[in-house]
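Note sheet for the following structure.
In what follows, chains are A, B, ... by sequence order, proteins preceding strands, each numbered from 1.
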4 protein chains.
Amino acid sequence: MEPMNMRTPTPEKPVGGRREATRRKLFDAAVTLISEQGYGSTTVDEIAERAGVAKGTVYYNFGGKDELYAALMKWGVTRLADTLREAVPAPGMEPRRALTEVLRAGVVFIGTHEALARLLMAEAWRTNRSWYATVRQIRTQAIGVITERLDVLVERGLTRPDLDTSLAGSALFGMVVTVALDWRTLQPERPIEEIHTTLAHMADGLIGSPASPR
Amino acid sequence: MEPMNMRTPTPEKPVGGRREATRRKLFDAAVTLISEQGYGSTTVDEIAERAGVAKGTVYYNFGGKDELYAALMKWGVTRLADTLREAVPAPGMEPRRALTEVLRAGVVFIGTHEALARLLMAEAWRTNRSWYATVRQIRTQAIGVITERLDVLVERGLTRPDLDTSLAGSALFGMVVTVALDWRTLQPERPIEEIHTTLAHMADGLIGSPASPR
Amino acid sequence: MEPMNMRTPTPEKPVGGRREATRRKLFDAAVTLISEQGYGSTTVDEIAERAGVAKGTVYYNFGGKDELYAALMKWGVTRLADTLREAVPAPGMEPRRALTEVLRAGVVFIGTHEALARLLMAEAWRTNRSWYATVRQIRTQAIGVITERLDVLVERGLTRPDLDTSLAGSALFGMVVTVALDWRTLQPERPIEEIHTTLAHMADGLIGSPASPR
Amino acid sequence: MEPMNMRTPTPEKPVGGRREATRRKLFDAAVTLISEQGYGSTTVDEIAERAGVAKGTVYYNFGGKDELYAALMKWGVTRLADTLREAVPAPGMEPRRALTEVLRAGVVFIGTHEALARLLMAEAWRTNRSWYATVRQIRTQAIGVITERLDVLVERGLTRPDLDTSLAGSALFGMVVTVALDWRTLQPERPIEEIHTTLAHMADGLIGSPASPR
DNA sequence: CATGAATGAGGGTTCATTCAT
DNA sequence: CATGAATGAACCCTCATTCAT
């Protein structure tokens with residue numbers, strides 16, 4: 001009656017039992033299909049078929065289509081957090097470098113989890129769906145990291161002091177996402193370094209010099 | 001049997017008769033609902049109800065849900081073109097100004113056609129849907145205008161000569177859309193001028209000075 | 001969006017429009033099938049097929065299987081009320097006769113609405129289903145009429161004064177229903193008069209003479 | 001492969017082992033749930049959960065839902081037979097007493113096996129279900145005992161000679177069941193003796209005196 | 001002797017579409 | 001020019017059943 005929750009695996013057994021493997025297969029299938037077709041236009045049948053399991057398995061593991069999607073989003077939060085953790089600046093890292101590194105992390109994330117990123121962006125502006133809170137959380141998390149590093153720049157006087165770091169964070173976020181997804185969509189063969197370098201240049205310009213521009 | 005096309009109104013009747021009014025009501029209803037819920041999760045019943053007409057009327061006027069959506073997109077292209085036309089730089093306008101003016105046009109468009117903008121952005125990264133071509137066209141059109149003006153800046157030596165104007169156009173587009181929709185979503189009471197000014201500052205920095213940075 | 005309610009027919013149009021006819025066909029089909037197989041074992045497909053309409057029509061008219069069943073029950077209340085109304089005793093009717101006449105009405109009802117009666121009896125003791133209230137109402141209504149007439153007998157001193165008319169009403173109700181349904185099930189060819197006469201005899205005995213028995 | 005039958009317990013293990021306990025738990029759970037919701041609306045999951053065992057256990061012990069229900073019915077037949085055996089009249093018992101004693105047995109049965117009784121009554125009038133034969137058998141058994149005792153009364157001239165004992169048996173059966181279940185449903189706190197006494201009074205009246213009434 | 005993850009046929013429901021009015 | 005009752009394909013979901021452990 002209540003198989004809807006992840007089972008805490010017993011310590012002696014290896015992690016990644018049958019159930020967890022099934023869930024992962026379903027996540028992979030769902031994220032791809034929904035990113036391509038949208039939530040409402042993707043059927044549970046399609047997801048199950050692509051995952052190589054029976055339809056009933058979706059319901060046994062998640063309880064329903066909505067719940068699968070919600071779980072998918074939560075899984076996405078974790079994935080992003082993992083990526084951002086790797087971009088934590090080393091103690092003595094130069095602040096401008098710290099900023100461009102987090103932008104690189106964003107590009108890497110989108111390169112690695114392209115389908116998830118597309119899906120997230122498609123949902124980003126639908127403010128009244130039940131899983132909006134989770135989507136918003138992901139955005140806030142990502143933008144927050146950018147804003148933090150901009151704040152450091154302001155503190156150290158490395159950019160103009162009146163910079164609205166919150167709005168600038170949002171702007172950089174949109175810039176990175178748009179450029180990175182355009183890259184994946186239109187020129188996927190282009191090396192990631194090229195994208196990152198250009199983006200870093202632009203960010204540098206955007207930050208500008210301590211003296212207010214113009 | 002084929003009432004799908006706009007009828008040329010009979011001379012004795014005034015333009016914008018009952019039919020045109022009905023179509024407009026349906027557009028308004030559809031764009032709002034679909035921007036909130038997505039295409040696949042919005043029903044013809046809902047659209048008709050919100051428009052205050054019977055369900056059959058949708059079919060009488062557009063022929064089907066897909067056709068309504070297609071017409072909606074075309075209508076969106078026109079709306080964007082209208083807005084951009086107003087941002088055509090006067091003959092002698094300073095190039096940097098010409099750029100910031102088109103960004104302003106973008107913000108204005110999103111402020112005026114918020115639901116349409118949300119809908120378009122949600123579809124922006126779904127590359128394999130039947131109406132993707134139209135969505136891409138709108139994006140290309142908008143980015144194209146930005147890129148053109150960046151090209152002018154490069155020509156005149158007002159920015160660093162190696163600027164990838166195409167990629168930068170895409171970046172500015174993402175920046176504007178993200179900031180503008182965040183504004184509508186989180187701080188709709190904030191005056192549009194404030195948004196535009198901040199955006200212009202950032203664009204200026206991003207363009208930088210003729211000497212390549214770093 | 002709200003076609004779930006009966007439309008009040010416009011006065012100039014004849015009662016029994018298309019919609020009402022559809023609803024009646026569905027009632028007939030549902031009552032027969034459910035009385036034979038039970039609610040949970042009867043499918044909407046079966047009901048629609050027997051009624052000669054598409055499955056969707058059930059949902060268009062009632063909103064769901066549960067609601068169809070609830071409406072069916074309410075319809076049953078009306079049918080019973082109609083039958084009982086015809087058994088209202090004439091002003092000067094002899095009290096014992098008044099009692100046996102209502103028992104006859106019960107037999108007639110079961111003979112006329114056999115399927116409905118079976119269905120009602122099957123639900124009579126399931127106290128925690130959502131439509132139990134309606135079923136109970138029907139029972140209470142029927143037993144109430146019997147009890148009333150027993151009360152008259154007590155008042156006029158035509159039976160023993162300590163008769164628990166409420167419990168006796170329930171007992172007579174159970175007697176009538178059981179005998180009548182057994183008749184329909186095992187000897188449907190037997191004339192209704194025979195059943196009624198035997199039942200009347202027994203009721204007479206049960207009421208007994210004014211002096212307490214034994 | 002065929003664990004469907006009770007295993008003769010191995011000599012060293014005590015009778016009524018784990019297996020028998022499991023079956024009993026499942027009977028209890030099933031009879032309660034099915035009496036409340038009906039067969040078609042009760043799931044194996046619910047039964048297993050209420051019994052406190054895993055779903056597979058139902059299949060291990062009974063082979064399927066239908067088989068569990070069939071076993072339940074057989075168990076019901078046994079329970080009723082047990083109760084009726086206790087009401088076998090002592091050799092010299094007065095015939096009228098013998099009748100009221102069997103009615104008491106009926107009330108006791110319903111008081112003791114309330115859920116089973118409700119379930120049986122719900123199925124009583126569904127003539128075309130696979131287990132109808134078993135239900136009919138139980139009814140016939142119960143009514144048969146009543147009819148036998150009425151026959152004795154007729155034989156000994158203690159009631160009117162033209163009594164249709166078969167029909168009267170059915171009537172008394174319906175009376176007892178209805179009154180007893182109404183008692184359990186509406187006034188379970190009332191002592192069983194009160195119910196029985198009232199019922200005995202009514203039965204006495206119904207039988208009446210040797211001279212035909214009216 | 002028992003478990004519970006997985007299955008898939010089938011049931012309830014939705015909804016784009018048709019058509020008589 | 002518009003309506004809304006009716007339709008049925010396709011959808012989400014349930015649940016009896018199986019089977020590896």
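Here dC1(E) is the nucleotide among dC1(E), dT7(F), dC12(F) with the atom lying nearest to any side-chain atom of Arg19(D). If you check dT7(F), dC1(F), dC1(E) against the side chain of Thr57(C), the one that comes closest is dT7(F). Residue Tyr59(A) places its side chain closer to dC13(F) than to any other of dA2(F), dC13(F), dT17(E). Distances were taken from every side-chain heavy atom of Thr43(A) (C-beta onward) to each of dA10(F), dC12(F), dT17(F); the shortest belongs to dC12(F). Of the listed nucleotides (dA6(F), dC12(F), dT7(E)), dA6(F) has the atom at the smallest distance from the side chain of Lys55(B). The side chain of Val44(D) lies closest to dT17(F), out of dC13(F), dT17(F), dA16(E).
For Thr22(B) and Asp45(A), each mapped to the nucleotide of DNA chain F holding its nearest heavy atom, the one lying further toward the 5' end belongs to Thr22(B). In this structure, Lys65(C) and Ala54(A) both approach DNA chain E, and ranking their closest nucleotides by distance from the 5' end singles out Ala54(A). Where Gly40(A) and Val58(C) meet DNA chain F, the nucleotide closest to each residue was compared, and Val58(C) sits on the side nearer the 5' end.
Under the side chain to side chain contact (heavy atoms under 4.5 Å, CB included) rule, Leu72(C) has a single partner from Leu119(C), Thr134(C), Asp28(C), Leu26(C), which is Leu119(C).
Across all strands shown, dC1(F) forms no Watson-Crick or G-U wobble pair with both distances under 3.5 Å. Nucleotide dA16(F) has dT7(E) as its partner under the Watson-Crick or G-U criteria, with both atom distances under 3.5 Å. For dT14(E), the paired base is dA9(F) (Watson-Crick or G-U wobble, both distances below 3.5 Å).
Aromatic ring pairs are classed by plane angle as parallel below 30°, tilted from 30° to 60° and perpendicular above 60°; the pair Tyr39(B) and Tyr69(B) is tilted.
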Exercise. Would Arg118(B) and Thr127(A) count as a side chain to side chain contact (heavy atoms under 4.5 Å, CB included) if you check the C-alpha gap in whole Å, the side-chain angles of each, and the deciding distance to 0.1 Å?
Worked result: CA-CA 10 Å; Arg118(B) 286 179 195 276; Thr127(A) 56; 3.8 Å; yes
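Counting non-hydrogen atoms under 4.0 angstrom, Ser41(D) reaches nothing in the nucleic acid.
Between the CD1 atom of Ile34(B) and the P atom of dA16(E) there is a distance of 10 Å, rounded to whole Å.
dC1(E) and dT21(F) are spaced 22 Å apart, taking the P atom of each and rounding to whole Å.
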